[in-house]
Amino acid sequence: MGTTISEVSSHVGSEVTIGVWLANKRSSGKIQFLELRDGTGFIQGVVLKNEVDEADWEEAKELTQESSLYVTGLVREDKRAPSGYELTVSGLKLIQKAHDYPITPKEHGVEFLMDHRHLWLRSSRQHAILRIRNEVIKGTYDYFYDHGFIKVDAPLLTGSAAEGTTDLFHTKYFDRDAYLSQSGQLYMEAAAMAFGKVFSFGPAFRAEKSKTRRHLIEFWMIEPEMAFCDHEESLKIQEDYIACLVQRVLKKCQPELKVIGRDTSKLEKIKAPFPRITYDEAVRFLNKNGFDDIKWGDDFGAPHETAIAEHFDVPVFVTEYPAKAKAFYMKPDPDREEVVLCADLLAPEGYGEIIGGSQRIDDLELMKKRYEQYHLNDPSYKWYLELRQYGSVPHSGFGLGLERAIAWICGLEHIREAIPFPRLLNRIYP
RNA sequence: UCCACAGUAGCUCAGCGGCAGAGCAAUCGGCUGUUAACCGAUUGGUCGCAGGUUCGAACCCUGCCUGUGGAGCCA
């Protein structure tokens, strides 16, 4: 391994050798421009006929898109080059000549690009998005480590449905039934009782036949859970965490945001605290704004969420939903039993719900009642009830959909670009 | 599961009842500052599949398959 393109600015005036792929080529009779990439960045190589060996000149002429080679040359600053730096090529050594690379520099359709996702990742746009994803992941680890959380891994194979609301992928566990996890939350509640503040980061699987720009069959979720933490404290952590992520991407990923053409002025506004409206207020707002179909007690659909979020240019919390519309484990408001201490965080610009969170029921008798109401008396749920039996404490947590957050931060049309190999309805290749 | 739209060259698309087309890619040639370079030439087809209507179907009709994005559900 030699120098990388990301390091060339510190090698101006000296000769370097870099392992690269040819992204594109433009040539004249006696000068060739090689658009080179090495995974860390892009740089333009210039091959001049009267300054290289004839063999190298001929080899450069033979280069095809995505051929791999070692290139040696002098690093120069040059305003005419796309990146500001240029390599005057003095020698090149072909590793492999690629034939008929499918993704050409022109436009392609969705189906074709998805069929070639393993190659599409090489494009500058996909490269930029996935580097931002990497930064969001690193930012998540840093944030929670810095705030006293420890990462605890939840199992992916489970013996029962975590929430019982969505369709699970069924599989066999030797001669028993098992399901792929759709959430690690219940396990995080157990972990919070052991470690205080915890978070999980792992994949979640939903066998829903959803096919919209906001849905993946397999997606990654960050699920913090905090003991001795009420709903209000949880909201403060959520808004601080999201604002930190956005500011970190703004600080560290300017070149990537530029490649994908993100309007960063919209991201610069993302600072805590975020506005909040209650479910009651949201229903009144919707009824006043042309949504006669919503009445108190109904859950919101995507058009309703979009209408609410459109009134803010930062994420907005919708709080205190009717208990009937939410999961069995959410804690009722002590002053108003019909609503629960929960919040959904809706991202701006129509990106929808990126966080769902709540304070959890800590009272053993109430949880027993919920078990009866929701028919959860299966032995596989026994352990979760026991968390309320041995030193129960107030606790809260939330789940962030990683790809939805990335889609919003990057301003993507579709969530499928926010994950390296998306699993979508009807697509499990490549 | 429901609704809507689409499927023609390797890719992106035009053609909408009368000879299968263009741009890009590929191949060959030209060009010393290109930025999805440009210029000339060549190659490239089961018009998604099956049936029907018609003198004649890529085009009209029916069914099926595949894809797209929207609903529901959710992060």
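Reminder, nothing fancy here: chain letters follow the sequence lines and each chain counts from 1.
In this structure, A/R26 atom CZ and B/C39 atom P are separated by 15 Å, rounded to whole Å. The separation between A/K25 atom NZ and B/U34 atom P is 18 Å, rounded to whole Å. Rounded to an integer number of Å, the gap from A/Q32 CD to B/U34 P is 16 Å. Spacing between atom CD of A/Q182 and atom C1' of B/C73 amounts to 11 Å, rounded to whole angstrom units. A/E86 has its CD atom 13 Å from the C1' atom of B/U32, to the nearest Å. Atom CE of A/M114 is separated from atom C1' of B/G67 by 12 Å (rounded to the nearest Å). Distance CD (A/E111) to P (B/G7): 12 Å, rounded to an integer number of Å. We find that CD of A/E208 is positioned 13 Å from C1' of B/A71, with the value rounded to whole Å.
Mapping A/K49 and A/G109 onto RNA chain B by nearest heavy atom places A/G109 at the nucleotide closer to the 5' end.
Contact annotation: A/R214 side-chain N/O to B/A71 OP1/OP2 distance is under 4.0 Å. OP1 or OP2 of B/G69 has at least one side-chain nitrogen or oxygen of A/R416 nearer than 4.0 Å. Phosphate contact (OP1/OP2 of B/A36, side-chain N/O of A/N24, threshold under 4.0 Å): absent.
Applying the 3.5 Å distance criterion, the base of B/C73 shares a donor-acceptor pair with the side chain of A/S210. For A/N426 against B/U66, no side-chain N or O and base N or O form a donor-acceptor pair under 3.5 Å. Scanning atom types as modelled, one donor and one acceptor separated by under 3.5 angstrom connect the side chain of A/H215 and the base of B/C74. Between the side chain of A/K211 and the base of B/U68, at least one donor-acceptor pair of N or O atoms lies under 3.5 Å.
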Heavy-atom protein contacts under 4.0 Å, nucleotides 23-31 of chain B, coded B base, S sugar-phosphate only, - none: -SSS----B

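Here A/F219 counts as stacked on B/A75: its ring centre is under 5.5 angstrom from the base ring centre and the planes meet at under 30°.
Distance check, rounded to the nearest 0.5 Å: CG of A/L180 to CZ of A/R206 gives 12.0 Å. Expressed to the nearest 0.5 Å, how far NE2 of A/H311 lies from CD1 of A/I277 amounts to 10.0 Å.
Both cation-pi conditions hold for A/K326 and A/Y321: the charged atom is under 6.0 angstrom from the six-membered ring centre and inside a 45 degree cone around its axis.
Pairing partner, B/U68: B/A4, with both Watson-Crick or wobble hydrogen-bond distances short of 3.5 Å. Searching all strands for a Watson-Crick or G-U wobble partner of B/A57 with both distances below 3.5 Å returns nothing.
Taking the six-membered ring where the residue is Trp, A/Y241 and A/Y143 present tilted rings, their angle falling between 30° and 60°. Below 30°, between 30° and 60°, or above 60°: for A/Y381 and A/Y371 the angle between ring planes is above 60°, a perpendicular geometry. Taking the six-membered ring for Trp and thresholds of 30 and 60 degrees, A/H116 and A/H118 have nearly parallel ring planes, at less than 30 degrees apart.
The side chain of A/A302 lies closest to B/G72 when the candidates are B/G72, B/G10, B/U32. Each of B/G69, B/C74, B/A36 was ranked by its minimum atom distance to the side chain of A/E305; first place goes to B/C74. When the nucleotides B/U66, B/G33, B/G72 are ranked by their closest atom to the side chain of A/T212, B/G72 comes out on top. Picking from B/U68, B/A36, B/C74 the nucleotide with the shortest atom distance to the side chain of A/V110 gives B/U68.
Although no hydrogens or angles enter the test, the distance criterion places no donor-acceptor pair under 3.5 Å between the side chain of A/E58 and the main chain of A/A55.
Summarising the geometry of A/L69 relative to A/L22, their closest heavy-atom pair is CD2-N, 4.4 Å, with the distance given to 0.1 Å.
As rounded to the nearest Å, B/C39 and B/C19 have P atoms that lie 30 Å from one another.
Side chains of A/F201 and A/M221 form no contact here, defined as non-hydrogen atoms less than 4.5 Å apart.
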